[in-house]
Amino acid sequence: MKIASFNINGIKARIGALTDWLNDAQPDVAILQEIKSIDENFPADHFRDMGYIVETHGQKSFNGVAILSKLPLEDVTRGLPGDDDDEQARYIEATVIGDKKPVRICGLYLPNGNPAPGPKYDYKLAWMERLRQRATTLLELEEPFLMAGDYNIIPQKEDAEKPDSWREDALFLPQSREAYRKITSLGLTDAFRACNPHNPPASPPGHYTFWDYQAGAWNRNNGIRIDHFLLSPQCADILEDCQIDRDIRGREKPSDHVPIWVKLAA
DNA sequence: ATGCCGTTCGATGAACGA
């Protein structure tokens with residue numbers, strides 16, 4: 001089973017690039033972030049015609065997440081538990097029925113948090129604590145699950161081409177990385193690092209999932225790794241591969257993020 | 001030092017992003 005995550009930065013602007021990538025990469029499941037659309041305006045029929053089940057959790061103009069799946073989905077839930085007043089559409093869950101076993105999929109678009117400090121940063125940290133709570137609940141089930149999406153977290157300096165330039169940014173502040181570690185240290189595996197260990201000091205070119213549209217970031221490989229797959233122990237047991245579809249960033253009318261995917265024996 | 005660039009809504013720019 002191939003499961004991909006892709007922050008598309010607007011479905012209206014990306015329907016062509018997304019369709020081309022789906023046809024090339026052929027994921028069984030695509031977890032999307034920043035659809036920037038209400039559910040009614042998401043082109044669900046287009047993806048149904050391609051063989052996908054479509055589940056969205058959208059809002060007007062901003063945020064919004066979705067799951068496209070060629071495999072059956074069960075028990076779809078929308079929104080991250082823990083704050084009934086949170087109206088931002090950033091979280092969706094579903095169970096994918098694989099040929100061998102079911103996997104619970106959590107698709108997330110974690111708040112950016114800038115500027116820090118400030119209310120947006122407070123919201124980010126509170127949201128991460130709610131995500132940690134949700135992970136704790138799911139871990140108690142001792143079943144395969146994964147949390148994938150745009151975490152807006154640079155976990156380590158190796159995950160940025162120019163870490164110094166992110167030193168005071170909400171994506172890289174010590175408090176942000178501590179909140180992220182509190183989630184991974186529950187026992188979740190970073191699938192990309194499990195499959196692509198960083199080997200200092202002979203640093204190879206960095207592996208990134210985001211390059212800013214500005215200042216020639218792509219041409220300079222001035223990127224950051226902020227889209228992640230975190231796997232439960234039972235899911236890490238069946239992990240076969242995890243890679244980043246880097247070349248997508250160089251195509252026509254690209255998103256500023258690229259897809260990252262896992263292959264599971266499920 | 002600031003903006004660079006891109007998307008959205010809906011306007012002749014503002015808000016937001018990372």
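Note on naming: letters A, B, ... go to the chains in the order of the sequence lines (proteins, then strands), and numbering restarts at 1 for each one.
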Measuring only the [atom1] atom in each nucleotide, how far is [N] from [M]? A whole number of Å is fine.
N: dT2(B); M: dG6(B); atom1: P; value: 22 Å
N: dT8(B); M: dG3(B); atom1: P; value: 23 Å
N: dT12(B); M: dA18(B); atom1: P; value: 27 Å
N: dA11(B); M: dA1(B); atom1: C1'; value: 29 Å
N: dA15(B); M: dG10(B); atom1: C1'; value: 13 Å

Measure from [atom1] on [X] to [atom2] on [N] and round the result to the nearest Å.
X: Arg220(A); N: dC4(B); atom1: CZ; atom2: P; value: 16 Å
X: Trp218(A); N: dG6(B); atom1: CH2; atom2: P; value: 15 Å
X: Asp212(A); N: dG3(B); atom1: CG; atom2: P; value: 14 Å
X: Arg225(A); N: dA18(B); atom1: CZ; atom2: P; value: 17 Å
X: His228(A); N: dA18(B); atom1: NE2; atom2: C1'; value: 13 Å
X: Ile153(A); N: dG17(B); atom1: CD1; atom2: C1'; value: 15 Å
X: Lys120(A); N: dA18(B); atom1: NZ; atom2: P; value: 10 Å
X: Ile11(A); N: dT8(B); atom1: CD1; atom2: P; value: 9 Å

### Query
Around Arg48(A), counting heavy atoms of other residues, nucleotides and ligands shown, do more than 12 lie under 6.0 Å from its CZ?
yes
### Query
Hey, does the side chain of Lys36(A) come within less than 4.0 Å of dC16(B)'s phosphate (OP1/OP2), counting only N and O?
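No, no such contact exists.
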With respect to the side chain of [X], which nucleotide from [options] is positioned closest?
X: Gln214(A); options: dC4(B), dC9(B), dA18(B); answer: dC4(B)
X: Ile226(A); options: dA18(B), dT8(B), dG6(B); answer: dA18(B)
X: Arg14(A); options: dA18(B), dC16(B), dT7(B); answer: dT7(B)
X: Phe62(A); options: dT7(B), dC9(B), dC16(B); answer: dC16(B)
X: Lys60(A); options: dG10(B), dG17(B), dT7(B); answer: dG10(B)

### Task
Could you tell me whether the side chain of Asn112(A) has a donor or acceptor atom within less than 3.5 Å of a complementary atom in the base of dA18(B)?
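Pair found.
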#### Entry: Check ion pair Asp190(A)-Arg225(A) (N to O, under 4.0 angstrom)
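Yes, this pair counts.
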### Task
Output yes when Arg220(A) and Glu161(A) qualify as a salt bridge under the 4.0 Å nitrogen-oxygen rule, no when they do not.
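Not counted as a salt bridge, because no side-chain N and carboxylate O are separated by less than 4.0 Å.
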### Of Lys12(A) and Asp256(A), the one whose closest DNA chain B nucleotide lies more 5'
Lys12(A)
#### Entry: Residue met sooner reading DNA chain B from 5', once Trp166(A) and Tyr213(A) are mapped to nucleotides
Tyr213(A)
### Audit row: Lys253(A), Asp20(A), salt bridge (charged side-chain N to carboxylate O under 4.0 Å, His left out) steps and yes/no
CA-CA 12 Å; Lys253(A) 213 168 158 51; Asp20(A) 290 346; over 6 Å; no
Please work out if [X] contacts a base, only the sugar-phosphate, or nothing of the nucleic acid, heavy-atom cut-off 4.0 Å.
X: Asp150(A); value: sugar-phosphate
X: Asn9(A); value: sugar-phosphate
X: Asp169(A); value: nothing
X: Ala215(A); value: base
X: Lys124(A); value: nothing
X: Tyr109(A); value: sugar-phosphate

### Query
Does NZ or CZ of Arg167(A) fall inside the cone over Phe172(A)'s six-membered ring, less than 6.0 Å from its centre and within 45° of the axis?
no
### Summary
So SG of Cys106(A) and CG of Leu230(A): to nearest 0.5 Å the spacing works out to 10.0 Å
### Task
Carefully, step by step, assess Arg251(A) and Asp24(A) under the rule salt bridge (charged side-chain N to carboxylate O under 4.0 Å, His left out).
CA-CA 13 Å; Arg251(A) 290 189 179 177; Asp24(A) 291 348; 2.6 Å; yes
